[in-house]
Number of protein chains: 2
Amino acid sequence: MADETNKRALPATSWAVLGLLSFGEELSGYDLKKWSDWSLRFFYWSPSFSQIYSELKRLEKAGYASSRMVAQDTGTRDKRVYRITDEGMAAVRKWAREAPVDPPVLKHGPMLRLWLGHLLEPEQMREVLVQHQEFAEGMRRRAAADVEGAKDESAWVYPALTLKWAERYYASERDLAAGMLADLDELGGLRPRP
Amino acid sequence: MADETNKRALPATSWAVLGLLSFGEELSGYDLKKWSDWSLRFFYWSPSFSQIYSELKRLEKAGYASSRMVAQDTGTRDKRVYRITDEGMAAVRKWAREAPVDPPVLKHGPMLRLWLGHLLEPEQMREVLVQHQEFAEGMRRRAAADVEGAKDESAWVYPALTLKWAERYYASERDLAAGMLADLDELGGLRPRP
DNA sequence: GTGCTCATGTAAGGCGTTACATGATTAT
DNA sequence: ATAATCATGTAACGCCTTACATGAGCAC
């Protein structure tokens with residue numbers, strides 16, 4: 001068993017990476033990054049390559065994952081692949097079941113700008129909202145597409161569920177922006193939109 | 001004029017603190033913290049005391065804020081109060097108008113847990129959702145109360161607008177949790193709720 | 001006189017990013 | 001040839017937090 005001091009209070013990102021491994025596949029750091037870009041980023045940010053690599057080292061040191069080098073059948077360099085250990089499986093299960101339910105962290109840059117509305121022209125406030133709306137709709141669409149890709153795999157029921165949540169979340173963000181645009185109009189001082 | 005090298009690429013948190021000062025009042029670090037707990041935290045996280053103090057130093061060094069010590073009329077220690085400079089006003093206005101519209105940062109811990117649903121009992125998934133729902137409703141209520149406090153001050157029109165946004169945002173978070181609880185029920189394998 | 005609140009800071013350290021280094025294979 | 005992609009890392013640094021230090025007045 002690995003050193004106990006390496007096991008206390010892992011950051012959420014570690015659990016996210018270990019969580020990716022908990023679906024049972026043997027994955028490289030590179031795979032993990034793409035995987036996380038594909039699903040995690042809708043509700044949790046996707047860590048950088050370098051962080052994924054260092055998280056993997058930490059997880060291995062803690063005894064939660066094991067790795068081996070594999071030669072590629074044809075082409076490209078050897079890669080290191082990781083697999084979750086029984087101990088890791090037990091740890092991530094325990095975390096998912098018993099960790100306190102922390103409030104989500106939100107850093108809403110566009111809202112911060114709008115909060116400073118006294119520094120902007122009405123037209124600039126609109127512009128921020130419109131761009132945010134477009135971002136939200138793009139995310140919604142991508143989440144929806146990913147739900148389609150996941151819904152028939154029984155292993156992805158829960159990921160599919162969270163993707164469905166994400167689809168609704170970004171739809172709501174889009175609508176919330178529309179609502180604020182309407183509030184701005186009501187505030188007056190604006191030439192009506194054509 | 002202050003050193004140009006101190007002016008490049010301030011983090012969003014600096015702008016948030018300078019933004020708090022842009023309403024024109026002379027405020028201490030302590031005031032700023034409370035102010036930010038009161039309004040910023042609904043859509044942007046509230047920085048710690050120590051960070052506010054160091055942001056203020058940075059802003060002063062950049063020439064965006066000036067400070068002076070004031071003696072308290074009666075009791076308690078002297079405090080240092082900060083005021084935005086003309087240069088700071090111009091800088092924050094420029095930032096609010098011209099910075100690119102970045103996507104919001106979301107780190108949704110509860111969703112990360114639910115994404116790992118294969119590690120949880122259905123009852124535990126419910127519990128996470130219910131707790132998150134309660135958190136969201138609490139935030140919604142507090143935002144609504146703060147809208148009431150702000151809506152009659154003409155200086156707070158835009159802050160009031162973002163608080164209204166926040167009220168709807170947390171209502172949506174609450175409803176999204178309810179929706180996911182319903183999705184869970186549909187998935188079956190659950191004894192129906194009494 | 002004990003503890004709470006106001007008030008300001010320093011120190012240490014973890015989290016996470018960008019930039020850089022490396023090198024092999026594949027496509028053009 | 002060269003550019004792009006796959007793949008794995010290191011180094012440097014910035015952001016931000018927690019813990020700690022300090023000290024004064026006020027309430028009980």
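The figures here come from the full heavy-atom set of this structure, side chains too, leaving out hydrogens, waters and symmetry mates. In what follows, every chain begins at residue 1, and chains take the letters A, B, ... in the order their sequences are listed.
- Contact annotation: B:W45 side-chain N/O to D:dC16 OP1/OP2 distance is not under 4.0 Å.
- For the pair B:M69 CE and D:dG23 C1', the interatomic distance rounds to 13 Å; values are reported in whole Å.
- Across all strands shown, A:K107 has heavy atoms under 4.0 Å from sugar-phosphate atoms exclusively, and none from any base.
- Here the options are B:W156, B:Y82, B:Y30, the test is ring-ring contact (aromatic ring centres under 6.0 Å, His included), and the partner is B:W35; only B:W156 passes.
- Cation-pi contact between A:R113 and B:W95: present, with separation from the ring centre below 6.0 Å and deviation from the ring axis of at most 45°.
- Across all strands, A:S28 comes closer than 4.0 Å only to sugar-phosphate atoms, never to a base (heavy-atom distances).
- Nucleic acid contact for A:T13: sugar-phosphate only, since backbone atoms but no base atoms lie under 4.0 Å from a heavy atom of the residue.
- Of the candidate nucleotides D:dT8, C:dA11, C:dC6, C:dA11 has the atom nearest to the side chain of B:S50.
- Look at A:Q51 and you won't find any side-chain N or O under 4.0 angstrom from OP1 or OP2 of C:dC15.
- When the nearest nucleotides of DNA chain C are assigned to A:P11 and A:F49 by heavy-atom distance, the more 5′-ward of the two goes with A:P11.
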**Message:** Please determine whether salt bridge (charged side-chain N to carboxylate O under 4.0 Å, His left out) holds for the pair A:K164 and A:E167, giving the CA-CA distance in whole Å, both sets of side-chain angles, and the decisive distance to 0.1 Å.
**Reply:** CA-CA 5 Å; A:K164 211 165 148 189; A:E167 186 188 344; over 6 Å; no
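- Mapping B:K57 and B:D31 onto DNA chain C by nearest heavy atom places B:D31 at the nucleotide closer to the 5' end.
- For B:L10 and D:dC16, the CG to C1' distance is 16 Å, given to the nearest whole Å.
- Counting atom types as modelled, A:S48 pairs no side-chain N or O with a base atom of C:dT18 as donor and acceptor under 3.5 Å.
- Taking atom CD1 on B:I52 and atom C1' on C:dT10, their separation rounds to 17 Å, with Å as the unit.
- Atom C1' of nucleotide D:dT5 and atom CG of A:D37 are separated by 15 Å, given to the nearest angstrom.
- Taking atom CD of A:E60 as the reference point, atom C1' of D:dT8 lies 14 Å away to the nearest angstrom.
- Atom C1' of nucleotide D:dG25 and atom NZ of B:K79 are separated by 14 Å, given to the nearest angstrom.
- Under the 6.0 Å cut-off for aromatic ring centres, B:H108 and A:W165 qualify, their centroids lying closer than that.
- Atom pair A:K33:NZ and C:dG16:P shows a separation of 13 Å (rounding to whole Å applied).
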**Request:** Show the numbers, then the answer: is there a side chain to side chain contact (heavy atoms under 4.5 Å, CB included) between B:F42 and B:T162?
**Result:** CA-CA 9 Å; B:F42 291 107; B:T162 53; over 6 Å; no
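- Contact check, A:Y53 against D:dT8: a side-chain N or O comes under 4.0 Å of OP1 or OP2.
- Atom CZ in A:R58 sits roughly 13 Å away from atom C1' in C:dG13 (whole-Å rounding).
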